[in-house]
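One structure is given here, and the rest of the page talks about it.
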Amino acid sequence: MKIAELDLPTDIKDFYEASGIRELYPPQAEAVKKGFLDGKSLLAAIPTASGKTLLAEMAMLKSIAAGGKALYIVPLKALASEKFERFRQFEGLGVRAGISTGDYDSKDEWLKDRDIIVATSEKTDSLLRNGAPWLSSLTVVVADEVHLIDSANRGPTLEVTLAKLKRLNPALQIIALSATIGNAKELADWMKAQLVVSEWRPTELKEGVFFGRAINFSNDKRVIKTPGPDDVQALVSDTLAEGGQCIVFANTRKSSESIAQKLAKSLSRKMTEEEKAAFLEVKQQVMRHAETDTCAKLAACVEHGVAFHHAGLKGEHRHIIENAFRKNTVKVIACTPTLAAGLNLPARRVIIRDYRRFDVNYGNVPIPVLEYKQMAGRAGRPGLDPYGEAVLIAKNYDELGELMENYVLSLPEQITSKLGTEPAMRAHVLSAIATDFCGDVIGLNEFMDTTFYAHQRGDLSAVIDNVLDFLEAERMIIRTADRLRATELGRLTSRLYIDPLSASIIVRALEASKKRQEPYNTEMALLQLIASTPDVKSLYLRRSDYGWIIKYTDEHISDFLTDVPDVGDETDFEAFLSSVKTAALVDMWVNEKNEEEMTAFYNIGPGDVRNLMETCVWLMHSTAEISHLLKAPLTREARELAVRIDYGVSKELMDLIELEGVGRVRARRLYEAGYKNREALKHVDLQVLAALMGEKVAAKILSQLGRKDVPVSTEPDEEVMGQSTLFSFGD
DNA sequence: GGGTTTAAGATTTAGACAGCATGTC
DNA sequence: CTAAATCTTAAACCC
């Protein structure tokens with residue numbers, strides 16, 4: 001089927017033809033036949049890179065041309081930026097794109113006159129809770145990676161959000177994009193959508209199991225001639241020898257690092273001089289942000305064209321590695337599942353070294369077929385590779401057969417709704433009530449009946465009753481004979497987007513704070529408080545931690561506002577110690593300990609520190625808001641702490657930190673040089689300041705203070721990449 | 001006796017969303 | 001009720 005034949009406005013067809021697309025892929029053509037261009041909803045369960053995005057784009061553009069508005073829901077912030085960048089290319093068609101995620105937000109007024117808005121599912125939910133008016137003028141919603149409904153953490157949000165959007169606008173067209181799943185029909189029925197299922201790919205994908213000296217595919221074999229000290233190294237050097245790139249998936253961060261280190265050693269001899277020069281350049285980039293052990297390791301690997309990639313890396317490093325891999329200046333990435341879904345980062349060969357993953361309850365368990373297929377699907381760059389190969393590794397003959405049967409030849413599992421649990425329902429029931437979406441128990445049940453859970457599993461009323469009891473007992477809702485109403489606390493909790501259980505823990509602690517007579521360390525009290533909520537993922541307790549944490553706990557025992565559990569109550573007590581451990585780390589951060597000290601002592605990655613701090617800012621802000629509502633005595637302290645956690649500074653730097661371009665490091669440097677606040681900087685000489693932090697920054701600081709005698713740089717800021725301001729100031 | 005190798009025992013374990021206020025989009 | 005790779009410590013070994 002040709003683009004030219006489609007029932008689309010001419011300028012849209014011209015746009016695609018100008019970019020070289022003339023012909024639809026088979027699954028796309030099938031979708032057209034099923035009527036998605038006539039406004040019908042569609043579930044496309046087809047492999048990655050086989051043209052899902054194009055389907056979504058055409059549906060959105062057609063609807064927008066008719067005066068509509070589109071929302072594109074993604075599971076990852078990184079994916080949101082990727083899609084946003086793509087949709088900005090529609091500017092020539094008069095289509096304006098916008099983006100809304102937790103760390104990259106646009107104001108409501110700005111979004112309302114955008115035609116396509118990209119948002120994460122949680123952000124969409126939050127926008128619904130905050131009553132963004134433009135949501136009711138949507139005509140198309142795209143749900144990308146909709147199989148995520150299966151996720152226990154995040155699936156419920158996605159399905160409830162879709163149900164809400166549908167109810168808000170019954171005529172809404174839903175375009176759901178999914179990996180291949182076992183029960184696509186069931187999901188499509190729920191969405192009242194047409195279904196397209198296909199295994200078709202633009203680049204052939206060969207899946208096989210490596211055993212002995214050969215990759216065994218379902219109907220042929222490929223002998224690997226390059227020997228290696230182990231299977232992974234043999235497979236990698238084979239790929240490189242034929243000019244391809246490799247991604248190796250491992251099940252722990254440590255493994256991914258050690259694989260990369262081994263490869264770096266064994267491969268370096270085989271690279272050409274030009275390649276080595278390119279590697280060195282990447283190494284320089286990595287070194288610009290290198291302060292910790294992990295960074296040094298990464299730099300050492302990258303020098304040989306190899307990298308590791310996992311969530312312990314800081315954001316900058318992840319970007320550097322991803323981009324270098326795209327430019328082929330990194331040849332191999334060893335990673336954890338970070339790269340399995342989402343980002344578009346294909347490779348000639350994908351090696352799935354571990355098909356098992358640790359689970360606290362069950363030990364090492366085999367990963368779902370769905371996840372294996374997601375990793376395998378990374379193999380083969382469309383238009384660049386002749387084919388892609390996904391390789392599992394068997395340790396013995398029996399395993400060869402098992403892997404063949406259980407993964408290569410297996411179909412992905414059915415996805416199931418995880419909405420039917422109290423933790424999931426707590427938040428969504430409260431938000432439904434708080435936003436007046438449901439005014440009584442009957443309405444609430446009717447709404448919940450439209451979720452995928454109800455479609456698949458049945459009635460939710462028992463869980464709803466339990467959750468209502470909880471919310472009423474915690475004074476977040478008021479239940480009368482015929483009405484459900486949220487209290488101010490309930491509305492605030494819903495708006496802040498925190499777990500109602502977190503809110504109740506915070507409320508209890510703040511009530512306790514009102515009764516305190518003696519002075520105590522409020523900073524520690526607040527830090528431990530937020531660390532004990534379920535929204536902050538507490539740190540793993542190591543055996544060697546017990547000693548110092550118990551001592552630390554003793555020192556602060558009179559500061560805590562939460563109840564200290566009995567030592568005999570093992571689970572509770574461990575959770576408590578863990579919250580203290582987390583609080584101690586945040587305390588190091590707001591007292592300006594350096595990154596290296598924290599990551600080394602806690603044995604975590606710089607990326608973990610960053611993520612934890614972001615969560616803590618959010619919860620500390622929420623604590624301040626709740627404290628304000630309850631008229632508790634900690635509002636100011638909590639507000640201040642939220643700012644301090646955001647920047648990682650002690651109290652005395654709070655004034656300096658207001659300056660743009662000044663983070664924890666520069667603020668400290670200014671302070672030590674005697675400039676203790678912005679006032680003190682007003683009349684300082686440019687050259688004096690330049691000696692301290694470089695001319696450009698100095699000029700930028702002074703111009704912010706209203707000085708006219710400094711040259712104002714017209715160049716755009718270069719350091720705008722996400723999280724760069726906190727850790728790195730290489731001047 | 002000092003240093004090295006090996007075996008037994010102990011330890012550790014993936015990922016990533018959300019508020020708010022503002023510079024542009 | 002369930003695992004496995006890696007790190008640490010203890011013990012054996014060599015000259």
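Chain naming here is simple, since letters A, B, ... match the order of the sequence lines and numbering starts at 1 in each.
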Open item on the list: Mind checking if A/Arg114 touches a base, just sugar-phosphate, or nothing, with heavy atoms under 4.0 Å?
Closed with: nothing
Open item on the list: Considering every strand and a 4.0 Å limit on heavy-atom distances, what is the contact class for A/Lys77: base, sugar-phosphate, or nothing?
Closed with: sugar-phosphate
Task: NZ or CZ of A/Arg114 within 45° of A/Trp134 ring axis and under 6.0 Å - done: no
Give me the distances for all protein-to-nucleotides 5-8 of chain C N/O pairs that come in under 3.5 Å?
| residue | atom | partner | partner atom | Å |
| --- | --- | --- | --- | --- |
| C/dT6 | OP1 | A/Ser258 | OG | 3.4 |

Open item on the list: What's the closest nucleotide to the side chain of A/Thr615 if the choices are B/dA18, B/dT12, B/dC25?
Closed with: B/dA18
Open item on the list: Please tell me if A/Ser121 has a side-chain N or O lying less than 4.0 Å from either OP1 or OP2 of B/dC17.
Closed with: no
TODO: Give one of base, sugar-phosphate or nothing for A/Val617, where a contact means two heavy atoms less than 4.0 Å apart.
DONE: base
Open item on the list: Rounding to an integer number of angstrom, what distance separates C/dA5 and B/dA14 when you compare their P atoms?
Closed with: 14 Å
Open item on the list: Please name the nucleotide paired to B/dC25 by Watson-Crick or G-U wobble geometry with both distances under 3.5 Å, or report none.
Closed with: none
Open item on the list: Looking at B/dT5, which nucleotide sits across from it as a Watson-Crick or G-U wobble partner, both distances under 3.5 angstrom, or is there none?
Closed with: C/dA11
Task: Cation-aromatic face contact A/Lys164/A/Phe437, 6.0 Å, 45 degrees - done: yes
TODO: Consider the side chain of A/Leu76, meaning its heavy atoms from C-beta on, and name the nucleotide among B/dC25, B/dG15, B/dC17 that approaches it most closely.
DONE: B/dC17
Open item on the list: Determine whether the aromatic ring of A/Tyr540 stacks with the base of B/dT13, defined as ring centroids separated by less than 5.5 Å and ring planes inclined by less than 30°.
Closed with: no
